[in-house]
Amino acid sequence: MMVRKAVIPVAGLGTRVLPASKAIPKEMLPIVDKPAIQLVIEEAIAAGIKEIILVTRSGKEAIENHFDKHYELESTLEQKGKTAILESVRDILPPSVTVMAIRQPEAKGLGHAVLCAQAAVGKDPFAVLLPDVLVDCDDSDVHDLTQMIVNFTENSSCQVMVERVADEDISKYGIADCNTDLDAGSSTTVSGFVEKPAPHEAPSNLAVVGRYVFPARIMELLKDTKPGAGNEIQLTDAMDNLLKEQEMSVYRMSGQTFDCGNKAGYVKAVLNFALKHPETKEQTRSLIKQLSV
């Protein structure tokens with residue numbers, strides 16, 4: 001089955017970037033001239049996703065508003081002849097793509113957030129994109145999420161995106177248990193995942209990035225998943241149960257990731273995209289040179 005739906009959990013409090021996220025959703029923090037969530041949704045759209053399901057909570061209305069029409073703003077820009085800016089506001093979403101929001105009534109973990117989208121997902125396969133992580137494939141020959149969806153379509157095997165991390169960082173991530181040293185853009189079957197192992201105990205150096213392609217079956221497993229670590233319903237627990245039923249694959253990404261859920265990662269993301277933006281690249285390059293002297 002074709003993957004045309006994506007679930008994006010945006011109900012988090014953003015504690016790692018406080019106080020910036022006190023009144024503004026962390027997903028709305030700007031990356032040059034676009035909020036981070038727009039870049040995540042653009043990634044999904046580039047992979048062929050047509051239905052975006054935001055799992056949200058009270059206080060996150062700004063995200064929904066961003067993808068809605070703003071008639072007063074558009075009328076003002078049109079009257080002033082600011083055509084380029086008007087197009088950037090109007091063209092946030094292609095006409096063929098819809099965005100809907102579903103509330104997560106309680107903070108019960110990532111697995112619970114994904115489960116909240118069950119009615120909207122139905123019996124269809126779907127992608128999950130964690131909005132803290134930006135994936136930049138502009139300098140790669142492969143669009144990573146697209147390739148994951150292609151792999152899923154060809155063999156119906158659940159796909160989990162991973163990237164190689166330094167040994168000293170292994171204990172920060174969920175690590176794939178696979179024996180193959182994957183090349184970028186390739187995939188292999190996985191026997192499980194180990195959460196934040198010590199480097200000398202880790203089965204590999206391939207860390208889970210925050211991009212998944214699941215069959216609808218994962219929802220049924222999430223319904224039966226008991227609270228685990230932190231007394232929350234963990235997505236990884238449901239994945240372990242899915243792995244008992246069917247093959248699962250890890251896909252080693254070829255792009256570059258930025259963890260905008262922490263301050264240093266956010267700054268790196270802003271610099272990366274500023275160096276590519278036609279209106280800011282020269283000034284940003286000059287600034288970096290000045291600061292490095």
Side-chain angles (χ1 to χ4, degrees), residues 3 6 8-9 16 31 36 39-40 42-44 46-47 110 127-152 154-155 157-214 229 234-240 242-243 247-273 275-276:
V3 180
I8 306 179
R16 292 188 295 163
I31 308 296
L39 296 176
V40 175
E42 287 177 357
E43 177 193 351
L110 176 58
V128 172
L129 294 83
L130 303 189
D132 281 354
V133 179
L134 298 184
V135 177
D136 182 4
C137 296
D138 286 350
D139 299 323
S140 171
D141 294 332
V142 179
H143 185 272
D144 289 314
L145 185 59
T146 299
Q147 188 58 51
M148 290 174 67
I149 290 175
V150 168
N151 293 348
F152 178 89
E154 290 177 348
N155 56 37
S157 175
C158 169
Q159 303 287 311
V160 180
M161 188 183 291
V162 295
E163 67 174 338
R164 184 181 292 165
V165 295
D167 288 348
E168 59 267 26
D169 293 328
I170 283 176
S171 60
K172 301 175 183 177
Y173 299 95
I175 301 296
D177 186 356
C178 58
N179 296 321
T180 306
D181 186 16
L182 277 180
D183 293 328
S186 61
S187 63
T188 188
T189 56
V190 63
S191 57
F193 299 90
V194 181
E195 189 65 25
K196 299 180 180 179
H200 67 279
E201 297 176 344
S204 74
N205 63 355
L206 296 174
V208 177
V209 172
R211 300 292 186 269
Y212 313 83
V213 181
F214 289 121
Q234 300 294 338
L235 181 61
T236 50
D237 290 343
M239 289 168 59
D240 287 341
L242 181 65
L243 191 55
E247 188 176 272
M248 188 178 294
S249 297
V250 289
Y251 167 85
R252 184 183 163 196
M253 64 177 305
S254 58
Q256 188 175 7
T257 61
F258 300 92
D259 182 1
C260 291
N262 70 76
K263 296 164 188 174
Y266 173 73
V267 171
K268 290 178 183 178
V270 172
L271 287 174
N272 174 75
F273 287 93
L275 285 168
K276 297 182 177 187

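Every heavy atom of this structure was used, including side-chain atoms; hydrogens, water molecules and symmetry mates were not. The shown structure was predicted, so the numbers you read here are calculated from the model rather than taken from an experiment.
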Problem - Neighbour count above 12 (heavy atom, 6.0 Å) for D138 CG - result: yes
Problem - Atom pair OG1/CG of T257 and D132 - distance to nearest 0.5 Å - result: 12.0 Å
Practice task
Please lay out, stage by stage, how S249 and S187 fare under the test side chain to side chain donor-acceptor pair (under 3.5 Å).
Solution key: CA-CA 6 Å; S249 297; S187 63; 5.2 Å; no
Problem - Exercise: identify the closest heavy-atom pair between V135 and D144 - result: CG1-OD2, 4.2 Å
Handout entry: Spacing of L110 atom CG and L235 atom CG [to the nearest 0.5 Å]
Key = 5.0 Å
Handout entry: Inter-residue atom distance I31.CD1 - L271.CG, 0.5 Å rounding
Key = 10.0 Å
Practice task
Let me see the working for R16 and D259 under side chain to side chain contact (heavy atoms under 4.5 Å, CB included), right down to the final yes or no.
Solution key: CA-CA 11 Å; R16 292 188 295 163; D259 182 1; 3.5 Å; yes
Exercise for the section: Quick one: pull up CD in E195 and NZ in K172 and give me the separation to the nearest 0.5 Å. Expected result: 14.0 Å
Problem - Closest contact, heavy atoms only, M148 versus Q159 - result: O-CG, 3.4 Å
Handout entry: Where T189 and E247 come nearest, the two heavy atoms and their spacing
Key = CG2-CD, 3.2 Å
Handout entry: Close side-chain approach of I8 and V40, heavy atoms under 4.5 Å
Key = yes
Problem - Y173/V165 under side chain to side chain contact (heavy atoms under 4.5 Å, CB included): CA gap, chis, key distance, verdict - result: CA-CA 9 Å; Y173 299 95; V165 295; 4.1 Å; yes
Exercise for the section: State whether the side chain of S254 and the backbone N or O of A184 hold a donor-acceptor pair below 3.5 Å, judged by distance alone. Expected result: no
Exercise for the section: Using a 4.5 Å cut-off on heavy atoms from C-beta on, say whether the side chain of R252 contacts that of V250. Expected result: no
Exercise for the section: Answer yes or no: is there a donor N or O on one side and an acceptor on the other, between the side chain of R211 and the main chain of M161, under 3.5 Å? Expected result: no
Handout entry: Crowding at NZ, K196 (>12 non-hydrogen neighbours, <6.0 Å)
Key = no
Problem - Side-chain touch V213/Y251, heavy atoms, less than 4.5 angstrom - result: no
Problem - Non-neighbouring partners of E42 that pass salt bridge (Lys or Arg N to Asp or Glu O under 4.0 Å), sequence neighbours left out - result: K34
Exercise for the section: Determine, stepwise, if the pair D139 / K276 fulfils side chain to side chain contact (heavy atoms under 4.5 Å, CB included). Expected result: CA-CA 11 Å; D139 299 323; K276 297 182 177 187; 3.3 Å; yes
Completion exercise
What one should report as the nearest heavy-atom pair of A127 and V3 is N-CG1, 3.9 Å
Exercise for the section: Could you grab the distance from atom CG of N272 to atom CG of L134, nearest 0.5 Å is fine? Expected result: 9.0 Å
Exercise for the section: Please report the shortest heavy-atom distance between G185 and Q147, naming the atom on each side. Expected result: O-CG, 4.5 Å
Fill in the blank from the handout: The reported gap from CZ in R164 to CG in D183 (rounded to nearest 0.5 angstrom) is 8.0 Å
Exercise for the section: Please identify each residue that fulfils ring-ring contact (aromatic ring centres under 6.0 Å, His included) with F258, with sequence neighbours left out. Expected result: none
Distance-only check: which donor-acceptor pairs under 3.5 Å involve side-chain atoms of residues 198-206, not counting sequence neighbours?
| unit_1 | atom_1 | unit_2 | atom_2 | d |
| --- | --- | --- | --- | --- |
| S204 | OG | A176 | O | 2.6 |
| S204 | OG | L206 | N | 3.2 |

Practice task
Taking all non-hydrogen atoms of both residues into account, name the closest pair between V209 and V133 and its distance.
Solution key: O-CG2, 3.4 Å
